Amino acid sequence: TEALTIEANRAVDHAIADGKPFFLYMSHYAVHVPFAVDPRFYQAYRDKGLDHTEAMYAAMVEGMDKSLGDILDNIERHRLSEDTIVLFISDNGGLSAHGRGGQPHTHNKPLSSGKGSAHEGGVRVPMIAHWPGITKPGSVCKQPVIIEDFFPTILELAGISDIEQIGCVIDGRSFVPLLRGQQDQVRENLPLVWHFPNNWGPKGPGIGPSSAIRLGDWKLIYYHAFQTFELFNLVEDLAEQHNLADEQPDIRDRLATELAEYLASIEALMPINKATGEAVPYPASQERQSGDP
């Protein structure tokens, strides 16, 4: 983490010395396995009563936090803080299925599960945005965005228009209006979709080959192995403890149809059933079932 931070700051220094605007994409290895003791921060967490594994994990988080601070300090040193937009996001939820101290699948409470899961613990991640003079300090935006939205957002922030994308389709939707404190009425009716037709390895809530869709308060997960569903109302049940797939068949089927149409539109690959040699069908194209795979 420290080495990457040094190189990142050096790259910024070079761009500024050359009189050029810069785009810095800083992607840490931390926080990630294999864990290791960061002697700068480890002992403080041991002193707080954390076991060896969790103390290593916490120290890695603090090391990443220091890195962000060092990068922001360097921008301030160049007197560019008022001219620099900062976007911070995690790529997935915190590790919880294995390799941690304590009880598995509980580290991201109140969210269920963690990395590799279609449950909220795996897909709901921290995000912070700072646009000097535009974003309101301490404000919270409750409209959800997804990582695909970053590309069109950054292009708009850079003043780039009339974009041509290979394949003619730009994934995502700019969230610049949200940064300005506005509601995006179109976004209200756009689903978020996750498609993961792979075996990650560990077992646990929401983990396994699946496709998922969120629209408004509702999220539907379609598990490929047994073609089963989980349906959650995230406003009433953020911890995803109550599967409503049987109780709300109209919502289940509506979301399943929308998910299937989207997957078909992008020709999404599905896993192969080894017993039949056929691809698992899209969620709306077979007799629907519900339950826990």
Side-chain angles (χ1 to χ4, degrees), residues 90-93 95-98 105 111-125 144-152 165-173 189-234 240 243-293:
S90 174
D91 59 346
N92 50 249
L95 183 67
S96 192
H98 67 92
H105 315 302
L111 306 181
S112 170
S113 201
K115 176 180 179 176
S117 172
H119 280 197
E120 290 297 279
V123 300
R124 182 184 292 246
V125 298
V145 300
I146 198 166
I147 194 68
E148 286 86 346
D149 296 334
F150 271 60
F151 179 52
Q165 169 74 18
I166 294 173
C168 302
V169 175
I170 295 178
D171 292 328
R173 176 178 175 82
N189 299 310
L190 292 177
L192 303 182
V193 175
W194 298 265
H195 182 59
F196 191 77
N198 307 91
N199 276 311
W200 181 47
K203 305 297 182 182
I207 298 176
S210 67
S211 303
I213 182 170
R214 174 179 173 173
L215 186 59
D217 298 343
W218 294 93
K219 185 170 79 174
L220 181 79
I221 305 172
Y222 171 62
Y223 293 98
H224 301 161
F226 301 109
Q227 288 122 69
T228 55
F229 291 104
E230 285 184 326
L231 176 68
F232 302 107
N233 184 308
L234 297 178
E240 294 171 299
N243 180 9
L244 301 176
D246 288 332
E247 299 174 37
Q248 300 285 351
D250 291 344
I251 296 174
R252 176 198 68 201
D253 292 352
R254 175 170 58 85
L255 290 177
T257 298
E258 184 156 355
L259 176 59
E261 289 176 350
Y262 175 78
L263 294 176
S265 73
I266 62 170
E267 301 180 356
L269 297 179
M270 298 295 286
I272 301 299
N273 185 322
K274 292 183 179 180
T276 65
E278 300 291 330
V280 172
Y282 292 143
S285 59
Q286 84 291 325
E287 181 178 354
R288 299 180 179 91
Q289 305 175 57
S290 63
D292 298 320

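Note that this is a predicted model, so its numbers are computed, not measured.
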Separation between [atom1] of [X] and [atom2] of [Y], rounded to the nearest 0.5 Å:
| X | Y | atom1 | atom2 | value |
| --- | --- | --- | --- | --- |
| E278 | N273 | CD | CG | 8.5 Å |
| I251 | L244 | CD1 | CG | 8.0 Å |
| I213 | E258 | CD1 | CD | 4.5 Å |
| D246 | L231 | CG | CG | 10.0 Å |
| L215 | L259 | CG | CG | 11.5 Å |
| F229 | S210 | CZ | OG | 11.5 Å |

Considering non-hydrogen atoms only, spot the tightest contact between [X] and [Y] and give its length.
| X | Y | value |
| --- | --- | --- |
| G172 | D149 | CA-OD1, 3.2 Å |
| V123 | A118 | CG2-O, 4.1 Å |
| R252 | L220 | O-CD2, 3.7 Å |
| I221 | F232 | CD1-CE1, 4.2 Å |

Less than 4.5 Å apart, side chain to side chain, heavy atoms only: is that true for [X] and [Y]?
| X | Y | answer |
| --- | --- | --- |
| D91 | I147 | no |
| L255 | P191 | no |
| R254 | Q248 | no |
| H105 | I207 | yes |
| V280 | Y222 | yes |

Exercise for the section: May I ask you to check whether Y282 and E261 show a side-chain donor-acceptor distance below 3.5 Å? Expected result: no
Determine whether the side chains of S113 and H119 contain a donor N or O and an acceptor N or O closer than 3.5 Å.
no
Taking H195 for the side chain and M270 for the main chain, is one N or O donor matched with an acceptor at less than 3.5 Å?
no
So the salt bridge (Lys or Arg N to Asp or Glu O under 4.0 Å) pairs with at least one residue in residues 196-220 (sequence neighbours excluded) are E120-K219, K219-E240
